[in-house]
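The structure displayed is predicted, hence computed values, not measured ones.
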Amino acid sequence: MLKVESLNVFYGNIHALKDVSFSVSKGEIISLIGSNGSGKTSTLHAISGLVPKKGLLEYGDFEIGGMAPEKIVSLGLIQVPEGRRIFANLSVLENLEMGAYTEKNRARMKRNFERVFQSFPRLKERRRQLAGTLSGGEQQMLAIGRALMANPALLLLDEPSMGLAPVLVDEIFSIIKEINGQGVTILLVEQNAYKALSIANRAYVLETGRVSLSGPAAELMEDERVKKAYLGG
């Protein structure tokens with residue numbers, strides 16, 4: 001579904017990604033784990049068309065390396081950004097409508113609203129409330145819900161657990177599994193390596209802009225190097 005080969009990203013003289021290669025198959029949850037500054041967010045931004053890059057990016061039958069972000073979104077590749085980036089001065093409902101900006105079919109939009117409210121009942125309860133007044137967990141739910149309004153085939157999630165209490169982290173990861181079970185493929189960037197590996201099919205470890213390890217998530221969870229560096233073992 002997604003093929004990344006020899007991906008390189010530069011910020012001025014800083015070489016942020018160095019020949020990063022990986023793949024995502026339909027129906028999978030793939031996790032990218034690594035410490036701060038390892039290149040996880042840069043990888044997602046490169047895929048979404050938000051930063052200049054070199055390398056091969058294939059999404060289905062499309063080469064998306066040179067595409068504008070809005071064209072990539074129209075293909076069903078949707079990113080939930082780090083820090084949620086909700087529209088604080090708009091209502092929950094208006095935020096969700098912004099997510100459906102590219103959707104012209106009213107019946108499908110209505111189904112998407114129903115889908116989001118089924119997954120996130122609290123958003124339905126607070127649909128008239130200003131998004132900026134929601135709790136951190138509710139804002140994360142809104143960010144994911146907004147992305148679902150765009151009918152993603154591949155959902156890119158950037159640090160969905162950031163700043164959340166442990167009980168909310170569990171809830172968010174449960175929802176991610178539920179979304180995947182509905183047929184949405186997921187590429188997950190997450191500093192909480194244990195949670196990321198616990199729901200992923202496969203994972204890649206990024207260190208200083210390079211892929212240092214990869215394999216089935218269950219195997220990486222037992223790898224001594226991963227345990228020592230990311231799992232507190």
Asks: So, the side chain of Ser42 versus the backbone of Gly39: is there a donor-acceptor pair under 3.5 Å, distance only?
Replies: no
Asks: Does a salt bridge link Glu224 with Lys227, judged by any charged N lying under 4.0 Å from a carboxylate O?
Replies: yes
Asks: Just how far is it from atom CG of Asn112 to atom CG of Asn151, taken to the nearest 0.5 Å?
Replies: 4.0 Å
Asks: Looking at Arg146 and Glu94, is any side-chain nitrogen of the basic one under 4.0 Å from a carboxylate oxygen of the acidic one?
Replies: no
Asks: For Tyr194, look at atom OH and say whether over 12 heavy atoms of other residues, nucleotides or ligands are found less than 6.0 Å away.
Replies: no
Asks: For the pair Tyr204 and Phe22, name the ring-plane relationship: parallel under 30°, tilted 30 to 60°, perpendicular over 60°.
Replies: tilted
Asks: So which pairs with a foot in residues 22-43 pass salt bridge (Lys or Arg N to Asp or Glu O under 4.0 Å), sequence neighbours left out?
Replies: Glu28-Arg202, Lys40-Glu159
Asks: Within the side chain of Lys53, is there an N or O that forms a donor-acceptor pair under 3.5 Å with the backbone of Ala46?
Replies: yes
Asks: Leu142 and Ala131: which non-hydrogen atoms are nearest, and at how many Å?
Replies: CD2-CB, 3.6 Å
Asks: For the backbone of Ile64 and the side chain of Lys71, can you confirm whether one donor and one acceptor N or O come within less than 3.5 Å of each other?
Replies: no
Asks: Check for a donor-acceptor pair, side chain of Ser48 on one end and backbone N or O of His45 on the other, with a separation under 3.5 Å.
Replies: no
Asks: To the nearest 0.5 Å, how far apart are CD1 in Ile199 and OG in Ser174?
Replies: 9.5 Å
Asks: Please report the interatomic distance CG(Leu123) to CZ(Phe113), rounded to the nearest 0.5 Å.
Replies: 11.0 Å
Asks: Is the CD atom of Gln118 crowded by more than 12 outside heavy atoms at less than 6.0 Å?
Replies: no
Asks: Hey, is the main chain of Met141 close enough, under 3.5 Å, to the side chain of Gln139 for a donor-acceptor pair?
Replies: no
Asks: Should Ile47 and Leu188 be counted in the same cluster of Ile, Leu, Val, Met, Phe, Trp and Tyr side chains packed under 4.5 Å apart?
Replies: no
Asks: Starting from the C-alpha separation in whole Å, work towards a yes-or-no answer on side chain to side chain donor-acceptor pair (under 3.5 Å) for Glu82 and Thr41.
Replies: CA-CA 8 Å; Glu82 179 183 354; Thr41 293; 3.3 Å; yes
Asks: With a cut-off of 6.0 Å (strictly less than), are more than 12 heavy atoms of other residues, nucleotides or ligands near NZ of Lys3?
Replies: no
Asks: Would Met149 and Ile86 show up in the same hydrophobic cluster when neighbours are defined by side-chain heavy atoms closer than 4.5 Å?
Replies: yes
Asks: Measure the spacing between CG of Leu156 and CD of Gln79 and express it to the nearest 0.5 Å.
Replies: 5.5 Å
Asks: Quick one: closest heavy-atom pair of Ala196 and Ser31, and the distance?
Replies: O-OG, 3.1 Å
Asks: Examine the side chains of Glu5 and Ser21 and answer whether a donor and an acceptor come within less than 3.5 Å of each other.
Replies: no
Asks: Hey, are Ser135 and Glu138 close enough side-chain-wise for a donor-acceptor pair under 3.5 Å?
Replies: yes
Asks: For the hydrophobic clusters of this structure (ILVMFWY residues joined by side-chain heavy atoms under 4.5 Å, transitively), does one cluster hold both Tyr11 and Val189?
Replies: yes
Asks: How many angstroms lie between CD1 in Ile176 and CD1 in Ile172, if you round to the nearest 0.5 Å?
Replies: 6.5 Å
Asks: Restricting to non-hydrogen atoms, name the atom on Val226 and the atom on Leu220 that form the minimum distance, rounded to 0.1 Å.
Replies: CB-O, 3.3 Å
Asks: Once you round to the nearest 0.5 Å, how far does CZ of Arg127 lie from CG of Leu96?
Replies: 11.0 Å
Asks: For Ser161 and Glu190, does a side-chain donor sit closer than 3.5 Å to a side-chain acceptor?
Replies: yes
Asks: Counting N and O atoms only, with roles assigned by atom type, does the side chain of Thr185 sit under 3.5 Å from a partner on the main chain of Gly27, one being a donor and the other an acceptor?
Replies: yes
Asks: Cut-off 3.5 Å, side chains only: do Ser119 and Glu178 have a donor facing an acceptor?
Replies: yes
